[in-house]
Asks: 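This is the structure, below, for whatever I ask next.
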There are 2 protein chains.
Amino acid sequence: MKTLTPLNYALLGLLNRTPLTGYEMMQVFETTPLGGYSSSPGAIYPALKKLRQSGLVAVSGDGTSGRGDALAITPDGKAALKAWLLAPLLVKAGGIDLSGQMLKFTFTGDLLTRRQQMAFLNRLEKAITRAIDALAASRERMRDTLTSHDLLAVEAGLLQYRAAADWCALARQTLSKGK
Amino acid sequence: MKTLTPLNYALLGLLNRTPLTGYEMMQVFETTPLGGYSSSPGAIYPALKKLRQSGLVAVSGDGTSGRGDALAITPDGKAALKAWLLAPLLVKAGGIDLSGQMLKFTFTGDLLTRRQQMAFLNRLEKAITRAIDALAASRERMRDTLTSHDLLAVEAGLLQYRAAADWCALARQTLSKGK
DNA sequence: CCCCCCATGTAACATGTTACATGATTGA
DNA sequence: TCAATCATGTAACATGTTACATGGGGGG
C-alpha cells in the first residue's frame, strides 16, 4: 500500500459518510467548495482504482454489476483515514496549508472523538501561532531589504493566519457547546 | 512563446528587480515566504532555460562565461510580466488563489503606476466580495445537508476571505498615504 | 588535500489536466 | 428514436519533486 495523496484522502473521507459512485463524487467536487479539488475524471477514476486495489474501498452492492455501483469504504480504509487525521501536522516551507487542514477537520467530525477533535484544533492553533511568529520575525529580520509592497504582502499572510487562529477558537467553542 | 506558468512569472518578477543567478533565486524561495514556491532545482533550471529560449530573460554579463552569470529580464520579459499583472483575475472553482494574488501585487509595485495598482486592488476586492457572497449563498442552499463540521469549514473560508477583503482596504490606504 | 559550498543540470517518478472514447439509461 | 445525461475510463500532455551527477573554487 503506497502513500496516499490528498485527493485519495478526500475520496476516503467522502465515502466514510456514505457510499457513492465515482460520478457522484465528481459532482460533489464540482458543486461544493470542498477543499478545492478538481472534478476531472482523469484524476478521480485512477485514484479510485488505486483505492480499490489497496482494499481501502470496495463495491458496495453484491458485486455482480460493477457499473453504476456505489463504492463504500472498508475497515482498512477507515483505519487509513483515521491515521491520516491523527497524523502530526507537517509544516513545509511556504507555510501551513489551511484549506487542507479544513478538509481534515471536516472529516474529524465523522471519525474522531470530541476529545480528539479538540486536540486537533489545539495542535492546529499552535502551529498557526508558530507560523505567525516566524513570519513576523522574518519580516523584522528583512525589513530593510523589503519594498513597501513586500511588506504589505507579508501583512496579508499575517492577517490570513490570524483569521485562521480566530477560527480555531470559534470552532472549539462551537464544539464544546454542541457537546 | 507558450503560456507561462506561475513559477515562470515569479522568476520574471524577481529578475525585474535585479539580475540574479538561478542559484540565488533558489535561495530566495528557500529563505523567504515568497509565494510558497519550491526551491527544487529540477523546477527552476528548466523554467529559466525556457525563459531564455523565449527571449524573456538573458545573461546579464558579457556573455563569455555563462556560468555563475546573473540573468536579467529583457524588454520582452518586462512586457510579458506587465501583461500578466494587468490580466483579468480568473476565478476557478475552489475559490480565489489569494497567495497567488499577493505575489502578483508584490510585483505591481515595480512595474505599474499607482493608479493601476489601485485598480488591481479594487478588482481583487470585488472578486473577493463576490466569492464571499457565493460561499454564503451555497451555505444557505445546502444548510440541511451539511454537518456542523462542514458548516465550520465554510465559516473558515468566509473568515479567510473577509481577512483578505480587509487587507485590500488596508493596502489601498497604505498606497494612497505613501503617494 | 579534502570537504564544503557555489552553480547548473538531468532522470525517474508522481500527480493532475484536457480532451477524447465508450456504452448504458432515461425522457421528450 | 434522438438527445442528454449517467458512468467509467484512457491517452497525451504539463508540471513539479526527489535524488542524483557534475565540476569549479575557497578555506582549514
Side-chain angles (χ1 to χ4, degrees), chain A residues 1-12 14-15 19-31 34-54 57-61 63-72 90 92-94 97 99-100 103, chain B residues 1-11 14-15 19-31 34-54 57-61 63-71 90 92-94 97 99-100 103:
Chain A
M1 177 186 359
K2 330 207 15 185
T3 52
L4 300 179
T5 69
L7 175 58
N8 289 137
Y9 285 114
L11 294 171
L12 277 183
L14 278 185
L15 294 180
L20 294 170
T21 68
Y23 189 78
E24 286 167 328
M25 288 184 252
M26 268 176 44
Q27 311 282 60
V28 171
F29 288 133
E30 254 172 30
T31 60
L34 216 173
Y37 288 100
S38 147
S39 52
S40 57
I44 286 182
Y45 286 108
L48 287 176
K49 191 184 202 175
K50 187 173 124 187
L51 289 175
R52 269 200 320 265
Q53 287 170 349
S54 309
V57 142
V59 178
S60 73
T64 55
S65 137
R67 197 176 194 93
D69 233 7
L71 294 170
L90 67 109
K92 354 167 251 191
D97 171 18
S99 79
L103 182 67
Chain B
M1 175 184 6
K2 329 202 26 184
T3 52
L4 300 180
T5 69
L7 175 58
N8 289 137
Y9 285 114
L11 294 170
L14 278 186
L15 293 181
L20 294 170
T21 68
Y23 189 78
E24 285 167 329
M25 287 184 251
M26 267 176 45
Q27 311 281 59
V28 171
F29 288 133
E30 253 172 30
T31 59
L34 216 172
Y37 288 101
S38 148
S39 52
S40 58
I44 287 182
Y45 286 108
L48 287 176
K49 191 184 201 173
K50 186 172 126 188
L51 290 175
R52 267 198 323 263
Q53 287 170 350
S54 308
V57 142
V59 178
S60 73
T64 55
S65 136
R67 197 176 194 94
D69 232 7
L71 294 169
L90 67 108
K92 355 167 246 190
D97 172 17
S99 79
L103 181 68

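Below, chains carry the letters A, B, ... as their sequence lines are ordered, and counting in each starts from 1.
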Asks: C:dG9 P sits how many Å from B:Lys50 NZ, rounded?
Replies: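 Answer to the nearest Å: 16 Å.
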Asks: Rounding to a whole Å, what distance do you find between A:Tyr45:OH and D:dT10:C1'?
Replies: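 Whole-Å distance recorded here is 13 Å.
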Asks: B:Arg52 side chain: which of D:dT17, D:dC6, C:dG9 is closest?
Replies: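 For B:Arg52, the side-chain atoms sit closest to C:dG9.
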Asks: Do any side-chain nitrogens or oxygens of B:Tyr23 fall under 4.0 Å of OP1 or OP2 in C:dC6?
Replies: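 Checking C:dC6 against B:Tyr23, a side-chain N or O does come within under 4.0 Å of OP1 or OP2.
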Asks: Please pick, from C:dA7, D:dG16, C:dT17, the nucleotide with the shortest atom-to-atom distance to any side-chain atom of B:Leu7.
Replies: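 In terms of side-chain proximity for B:Leu7, the closest of C:dA7, D:dG16, C:dT17 is D:dG16.
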Asks: Quick one: are B:Tyr9 and B:Leu103 in side-chain contact, heavy atoms under 4.5 Å?
Replies: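 Heavy-atom side-chain distance check fails, nothing below 4.5 Å.
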Asks: At what distance, to the nearest 0.5 angstrom, does CG of B:Leu20 lie from CE of B:Met26?
Replies: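 Reported to 0.5 Å precision, the distance equals 13.0 Å.
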Asks: Could you tell me the separation between the CD atom of A:Gln27 and the P atom of D:dA7, rounded to a whole number of Å?
Replies: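 Rounded to whole Å, this separation is 8 Å.
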Asks: Of all the choices, C:dT17, D:dG9, C:dA7, which nucleotide is nearest to the side chain of A:Ser40 once you look at every atom?
Replies: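 Among the listed nucleotides, the one closest to the side chain of A:Ser40 is C:dT17.
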Asks: Answer yes or no: is there a side-chain heavy-atom contact under 4.5 Å between A:Leu4 and A:Leu12?
Replies: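 Contact flag for A:Leu4/A:Leu12 side chains = yes.
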Asks: Figure out the CG/C1' separation between A:Asn8 and C:dT15, and round it to whole Å.
Replies: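 Atom CG in A:Asn8 sits about 10 Å away from atom C1' in C:dT15.
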Asks: Quick one: label A:Gly22 by what it contacts on the DNA or RNA (base, sugar-phosphate, nothing), any heavy atom closer than 4.0 Å.
Replies: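 Here A:Gly22 touches the backbone only, sparing every base.
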Asks: Round to a whole Å and report the spacing from CG of A:Leu48 to C1' of D:dT10.
Replies: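 After rounding, the reported distance stands at 15 Å.
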Asks: Keeping A:Ser60 on the side-chain end and A:Ala70 on the backbone end, is there a donor-acceptor pair under 3.5 Å?
Replies: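 Judged by distance alone, yes, a pair lies under 3.5 Å.
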Asks: Among the candidates C:dA7, D:dT17, C:dT15, find the nucleotide nearest to the side-chain atoms of A:Thr5.
Replies: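 Looking only at heavy atoms from C-beta outward on A:Thr5, the closest nucleotide is C:dT15.
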Asks: Kindly compute the distance separating CD (B:Glu24) from CG (B:Leu71), expressed to the nearest 0.5 Å.
Replies: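 Output value for this atom pair is 9.5 Å.
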Asks: Would you say A:Lys49 reaches D:dT8's phosphate, i.e. side-chain N/O to OP1/OP2 under 4.0 Å?
Replies: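 False: A:Lys49 side-chain N/O out of range (4.0 Å or more) of D:dT8 OP1/OP2.
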Asks: How long is the line joining CD of A:Glu30 and C1' of D:dA7, in whole Å?
Replies: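 About 13 Å, once rounded to whole Å.
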Asks: Send over the distance from A:Asp69 CG to D:dC6 P, rounded to a whole Å.
Replies: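 Rounded to whole Å, this separation is 17 Å.
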Asks: Atom CD of A:Glu24 and atom C1' of D:dC6: how far apart are they, to the nearest Å?
Replies: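 Result: 10 Å.
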Asks: So if I take every side-chain heavy atom of A:Ala43 and compare against D:dA7, C:dA7, C:dT17, which nucleotide ends up nearest?
Replies: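 The closest nucleotide is C:dT17.
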